[in-house]
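The chains referred to below are lettered A, B, ... by the order of the sequence lines, with proteins before strands, and numbering in each begins at 1. As the structure is a computational prediction, the values presented were derived from the model and not from experiment.
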Amino acid sequence: MNLLELQQRLGARVRSTIEEKFVSFPPVQGEIPPRTELGDVAFPVAFEVAKRLKQEKGERANPRAIAEELKAALEAEAGVARVEVAGAGYLNVFYDRAQSLQHLVASSDAPIATLSQGDMSAGDKSKVIVEHTNINPNKAAHIGHLRNGVLGDTFVRVLRATGATVEVQNYIDNTGVQVADVVVGFMHIEHMTLEDVRRLDESLTPERPFDYYCWDLYAQVGLFYRRGDAEGKEDPELLKLRSDTLHAIEAGDNPTAELADYIATRIVECHLKTMGRLGIRYDVLPRESEILSLRFWDRAFGRLKETGAIRFETEGRNANCWVMPADSHTGTDEHDADKIIVRSNGTVTYAGKDIAYQLWKLGELGLDFYYKPFQQYVDGHVVWVTTSQPPTDEAMVANQPPKFGGGSIVYNVIDSRQSYTQDIVQRGVQAVVPGLAREPSVHLSYEMVALSPAASEELGFELSAEDRARPHIEMSGRKGLGVKVDDLIDRLEANALKEVDTRHAELSPEEKFETARIIATGALRYFLLKWTRNSLIAFDFKEALSFEGETGPYCQYAAVRANSIFRKLDDDTLARARAFAKGLAGSEPDAEAVRQIFAGEGGDELWSLLTQAARLEETTAQAAAQAEPAYLAKYTFQLAKAFNLFYHRHRIIAEENETRRIVLINIADLVRRQLTAALATLGITVPERM
RNA sequence: GCACCCGUAGCUCAGUUGGAUAGAGCGUUUGACUUCGAAUCAAAAGGUCGUAGGUUCGAGCCCUACCGGGUGUACCA
């Protein structure tokens with residue numbers, strides 16, 4: 001359902017008419033006027049035409065006169081009711097509302113249309129890869145991690161809604177210092193072996209599961225390195241425990257590595273469960289351990305040396321290192337401009353490993369992982385995890401994974417603090433595969449989630465006067481300061497359940513809980529999506545827990561209300577209303593009656609709701625092209641708002657004028673379809689009742 | 001120092017390739033439940049779009065300088 005085709009056709013006509021009568025001209029897009037009274041699409045091109053005429057031919061022309069000439073051409077187009085020239089030379093086009101209604105209803109029979117315009121060409125069958133979540137597997141997920149997951153997951157849904165084939169990856173850094181720290185905690189603070197940890201894990205209750213336990217332990221390790229003094233310095237002797245642990249993990253085949261693997265795997269299970277509560281899913285979990293053991297770096301290193309992207313330093317501060325020279329900034333005594341990729345001891349830095357990994361994602365490395373199933377969602381979808389060994393037994397051989405990696409474009413959802421490193425990675429990738437695409441590997445950057453001072457205190461953290469004056473306080477896993485995702489979901493569910501309980505006492509406990517779960521998910525996902533990517537979220541409990549105003553539940557509520565109309569209306573009435581709309585082309589008296597209903601101020605209001613609903617596909621395409629899910633979230637809220645107003649002003653079932661009733665039914669039906677579809681793309685479902 | 005991001009209503013934020021009277025939510029004040037459910041709707045108040053220049057028929061948006069805030073700038077991952 002959309003009016004975009006008409007708009008595009010008119011744009012093409014405007015351009016061809018300009019070129020025919022005046023001067024050569026670039027493609028024109030058309031724009032949506034700020035108010036319905038100003039038309040359905042506007043072409044403010046006359047100013048530009050006048051300018052070009054003067055520049056190229058030396059003719060002086062009045063923009064209004066130019067607009068008048070273009071007006072005649074547009075009036076002849078099908079679907080156009082009238083054209084006005086407004087202001088100094090705006091060309092405002094009004095669509096035939098009866099014909100548009102007929103078209104919109106007819107096209108709403110088809111499943112949600114896939115788009116063929118923009119950068120995300122549906123004709124291009126190549127795969128898009130989105131990597132998101134990427135939480136260090138050493139503790140419970142907090143809301144900062146969740147912003148990443150929700151942003152990534154929603155972007156995936158947006159891309160899929162435009163017809164793209166998308167693969168979802170969640171990178172697991174299972175061999176890094178963060179995991180090593182928790183291993184140190186278990187081994188040197190708790191003095192536990194792998195068996196002890198297993199037993200502990202089994203004994204833990206749902207109130208404090210393994211990832212929560214590790215959350216606390218990780219914070220303790222931070223203190224442990226400082227000999228118990230939070231403000232003190234880290235003891236080098238204790239830090240050696242960390243580096244020894246890290247080396248043991250990287251070497252593999254020893255009890256420390258086995259413990260690390262147990263912890264990381266269990267935490268990943270916890271993360272997947274947490275994310276699963278919000279409908280966030282993955283296809284494959286590439287792990288750092290396999291990037292190391294399968295020697296991805298060695299291959300990438302060779303390519304980087306060949307292309308000259310990195311150079312070996314023989315003297316100076318970076319002697320014996322391989323560095324990537326800087327181009328975007330200059331260095332100082334304190335900060336060197338060049339970025340070290342290979343250390344003087346021959347080991348590779350994070351940026352280097354990531355270059356290798358990005359090359360694999362783009363199918364440009366010439367190496368692949370082996371895979372095994374990690375877990376299965378209830379609907380049968382399997383999440384795979386990488387492994388270093390080829391399948392051995394017959395069952396594994398028979399159970400072939402899909403082909404992973406090799407995307408035509410890769411989006412990496414990573415917060416903006418890593419922009420510098422990501423820039424290094426991009427440059428490395430582009431040096432190795434220059435001709436691939438303009439930007440095959442995209443850093444989908446977003447600002448972090450911090451805590452409002454009030455939220456920090458609510459979590460029981462004492463703030464200094466200085467901190468309290470700050471606009472926000474950064475979360476810190478090391479200090480254990482943060483809002484755990486599961487805690488927040490639990491609170492949202494409990495609050496929603498209370499509301500459902502007071503409104504729908506008649507529902508069964510299961511129905512009540514399911515409704516509360518859907519509302520909580522809607523609230524949380526919308527809360528994280530309504531901000532644009534480079535807006536920092538200062539997390540506030542009151543705001544996050546709200547179900548009123550610009551929230552997910554507000555949008556859900558509008559859809560629930562729309563559905564409630566159709567619950568009371570028999571199917572036959574809806575079918576007849578739709579048939580009437582579809583038949584408008586064949587009946588001039590009916591079409592005229594519909595035009596009457598859409599006339600005047602009240603008619604404009606109905607029409608404006610309809611056109612707003614028709615813009616979902618266009619908005620989704622924009623959200624995809626700009627990689628900005630917030631566009632879709634804002635649109636959904638605005639549509640819900642417009643529908644709530646409509647709902648309040650019109651009694652649909654009780655409407656006495658038959659034609660008017662039919663029109664209202666069609667509008668309500670189209671809006672609820674679009675609203676439901678928009679919410680689905682945001683990962684939000686509509687409950688039966690609320 | 002350098003790089004990137006931000007500065008719009010009391011607060012938190014939208015404002016997409018420059019377009020018509022700069023918009024939401026929250027908060028404040030006031031009004032609307034016998035209806036397809038008020039998790040809603042309506043109305044009011046609230047703005048030198050950080051400052052100063054510039055480009056343009058037209059600037060919140062583009063350019064320059066400055067002021068203020070944030071984040072990076074590791075032989076950590």
Nearest whole angstrom, please: distance from the [atom2] of [N] to the [atom1] of [X].
{"X": "A/Tyr446", "N": "B/C6", "atom1": "OH", "atom2": "C1'", "answer": "18 Å"}
{"X": "A/Gln7", "N": "B/U16", "atom1": "CD", "atom2": "C1'", "answer": "14 Å"}
{"X": "A/Lys568", "N": "B/U35", "atom1": "NZ", "atom2": "C1'", "answer": "10 Å"}
{"X": "A/Ile424", "N": "B/C4", "atom1": "CD1", "atom2": "C1'", "answer": "13 Å"}
{"X": "A/Tyr635", "N": "B/U16", "atom1": "OH", "atom2": "C1'", "answer": "15 Å"}

Between [M] and [N] - [atom1] atom distance, rounded Å:
{"N": "B/U16", "M": "B/G60", "atom1": "P", "result": "12 Å"}
{"N": "B/C67", "M": "B/A52", "atom1": "C1'", "result": "11 Å"}
{"N": "B/A14", "M": "B/U21", "atom1": "P", "result": "25 Å"}
{"N": "B/U48", "M": "B/G23", "atom1": "P", "result": "15 Å"}
{"N": "B/G27", "M": "B/U71", "atom1": "C1'", "result": "30 Å"}
{"N": "B/A42", "M": "B/C62", "atom1": "P", "result": "33 Å"}
{"N": "B/A3", "M": "B/C61", "atom1": "C1'", "result": "23 Å"}
{"N": "B/G18", "M": "B/U56", "atom1": "P", "result": "16 Å"}

If we require ring centres under 5.5 Å and near-parallel planes under 30°, does A/Tyr631 stack on B/U16?
->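 Yes, A/Tyr631 stacks on the base of B/U16.
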Has A/Tyr90 got its ring stacked on B/A20, by the test of a centre gap below 5.5 Å and a plane angle below 30°?
->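 Yes, A/Tyr90 stacks on the base of B/A20, since the ring centres sit under 5.5 Å apart and the planes are within 30°.
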Tell me what [X] touches on the nucleic acid: a base, only sugar-phosphate, or nothing, going by heavy atoms under 4.0 Å.
{"X": "A/Phe547", "result": "base"}
{"X": "A/Ser445", "result": "nothing"}
{"X": "A/Ser564", "result": "sugar-phosphate"}
{"X": "A/Arg417", "result": "sugar-phosphate"}
{"X": "A/Ala42", "result": "base"}
{"X": "A/Asn92", "result": "base"}
{"X": "A/Gln638", "result": "nothing"}
{"X": "A/Val500", "result": "base"}

Toward the 5' end of RNA chain B, by each residue's nearest nucleotide, A/Glu550 or A/Thr515 = A/Glu550
Along RNA chain B (nearest heavy atom to each residue), the more 5'-positioned of A/Glu37 and A/Glu543 = A/Glu543
Residues [X] and [Y] bridged, charged N to O under 4.0 Å:
{"X": "A/Arg52", "Y": "A/Glu59", "answer": "no"}
{"X": "A/Glu290", "Y": "A/Arg287", "answer": "yes"}
{"X": "A/Asp604", "Y": "A/Arg35", "answer": "no"}

Under a 3.5 Å cutoff, is there a donor and acceptor pairing between the side chains of [X] and [Y]?
{"X": "A/Asn412", "Y": "A/Gln358", "value": "yes"}
{"X": "A/Tyr526", "Y": "A/Glu550", "value": "yes"}
{"X": "A/Thr515", "Y": "A/Arg689", "value": "no"}

[N] phosphate, OP1 or OP2, under 4.0 Å from [X] side-chain N/O:
{"X": "A/Arg503", "N": "B/A39", "value": "yes"}
{"X": "A/Thr551", "N": "B/G25", "value": "no"}
{"X": "A/Lys51", "N": "B/G58", "value": "no"}
{"X": "A/Arg343", "N": "B/C76", "value": "yes"}
{"X": "A/Tyr557", "N": "B/A39", "value": "yes"}

From [options], nucleotide with atom closest to [X] side chain:
{"X": "A/Tyr647", "options": "B/A38, B/A24, B/C41", "result": "B/A38"}
{"X": "A/Leu645", "options": "B/G72, B/A42, B/C76", "result": "B/A42"}
{"X": "A/Glu548", "options": "B/G25, B/U40, B/G19", "result": "B/U40"}
{"X": "A/Gln29", "options": "B/C41, B/U40, B/U17", "result": "B/U17"}
{"X": "A/Leu536", "options": "B/G70, B/G19, B/C41", "result": "B/G70"}
{"X": "A/Pro553", "options": "B/U40, B/A20, B/A39", "result": "B/A39"}
{"X": "A/Trp531", "options": "B/U12, B/C75, B/A39", "result": "B/U12"}
{"X": "A/Asn644", "options": "B/A20, B/G25, B/C41", "result": "B/C41"}
{"X": "A/His472", "options": "B/A38, B/G70, B/C6", "result": "B/G70"}
{"X": "A/Ala86", "options": "B/A39, B/A20, B/U35", "result": "B/A20"}

Answer yes or no on whether A/Arg491 is positioned over the face of A/Phe541, meaning its NZ or CZ is under 6.0 Å from the six-membered ring centre and within 45° of the axis.
->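 Yes, A/Arg491 and A/Phe541 form such a contact.
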Has A/Arg561 got its NZ or CZ under 6.0 Å from the middle of the six-membered ring of A/Phe643, at an angle within 45 degrees of the ring axis?
->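 A/Arg561 over A/Phe643 ring: no.
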Checking base pairs now: Watson-Crick or wobble, both atom distances under 3.5 Å. What partners [N]?
{"N": "B/C62", "value": "B/G54"}
{"N": "B/U35", "value": "none"}
{"N": "B/U29", "value": "B/A43"}
{"N": "B/A3", "value": "B/U71"}
{"N": "B/A24", "value": "B/U12"}

State whether the distance check finds a donor on one side and an acceptor on the other, under 3.5 Å, for side chain A/Ser416 versus base B/C5.
-> no
Does the B/U40 base have a donor-acceptor partner in the side chain of A/Arg561 within less than 3.5 Å?
-> no
Exactly one of A/Thr175, A/Asp261, A/Asn174 clears side chain to side chain donor-acceptor pair (under 3.5 Å) with A/Ser289, and that residue is A/Asn174
Hey, does A/Phe94 have a side-chain heavy atom less than 4.5 Å from the side chain of A/Val41?
-> no
Syn or anti for B/C6 (syn when the glycosidic angle lies within 90° of 0) =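 Anti for B/C6; the angle lies over 90° from 0.
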